[in-house]
Amino acid sequence: MAAVQVTDAIWLVGSGTHPGVRTDPHDCHCYLIWDGTGGVLVDTGTGLGAEAWLATVAEVCDPGALTGAIVTHYHADHAGGAGAARAAGLPILASAETAAALASADETRTSLAVARAAGIYPADYRLSPTPVDRIIGAGDTVAAGGLSVEIVAAPGHCDGHLVGLVRTAGRHVLFSGDCLFAGGRVSLQAIHDCRLDAYARTVVDLAGRQVDALLPGHGDLVLDGAAADLDRAAESFRRLVPPPNVLTG
Ligand SMILES: [Zn+2]
């Protein structure tokens, strides 16, 4: 398996669906930002494909040169691999909400119990308790070699969700986790902390920022013209109508 280069400084290093880098069917898209001197990972997958994922990272760079792994939110397909990443020496960076849930592998807060009951994860899948090394939040920046990832709070899909913005090769790239997807779709689930009002504020805020490329946690990557995707979602929310849900097709 080989890392899939997305831009000059960004690779897809894990995924549940991308044929080039399919680490485990349950994994989200996992990204590596690497400028040749340093970098950072964005999201860690479930952990079920951790060996393949970490090997793919090592094809591109020395993992020891990375700042760590940013976990966008505590859902298991994004956060479950944090333990494996940490065991490999990578510090974990996440919001306070994500840190609290991961510290105790809280299956209620992360909705893992209901997701597993719904058949989204294997019956024997569990999170392992994982400490977060650095709490990050709105306005923080995370160094990635000579690049810098701006952290933006993005609640709505779930509590404590963060997204990251990085400028590379003249483009503003948004790592959107499960907040926004190609076509301006969103991810709405019947879980305790999916909040439509917060989601609307988040999306309208993001649409007000300059974004050229959208690298979401699932599905198609948008490498150019992503402002149109963000505008579409924001316009829908401004009319008080939830945008199309990525989970329903
Ligand atoms: Zn999620």
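Every number for a ligand or one of its atoms is a count from 1 in the order of the listing. Side-chain atoms are counted along with the backbone in the values below, which use heavy atoms only and exclude waters and symmetry mates.
- Using a cut-off of 2.8 Å, one finds that H73 contributes an N/O/S atom close to the Zn ion (ligand 1).
- Minimum-distance N/O/S atom of H157 relative to the Zn ion (ligand 1): NE2.
- For the Zn ion (ligand 1), the N/O/S atoms of C28 include none lying under 2.8 Å.
- T168 and D35 share no side-chain donor-acceptor pair at under 3.5 Å.
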Could you walk me through whether T46 and H26 pass the side chain to side chain donor-acceptor pair (under 3.5 Å) check?
-> CA-CA 7 Å; T46 52; H26 305 89; 5.8 Å; no
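- Hydrophobic clustering (side-chain heavy atoms under 4.5 Å, transitive across Ile, Leu, Val, Met, Phe, Trp, Tyr) groups L215 together with I70.
- Each of H73, H218, H78 was evaluated against H157; a single residue qualifies, H73, per the ring-ring contact (aromatic ring centres under 6.0 Å, His included) test.
- Residue side and main chain included, H75 places an N/O/S atom under 2.8 Å of the Zn ion (ligand 1).
- No more than 12 heavy-atom neighbours from other residues, nucleotides or ligands sit within 6.0 angstrom of CZ on R232.
- Nearest N/O/S atom of D178 with respect to the Zn ion (ligand 1) is recorded as OD2.
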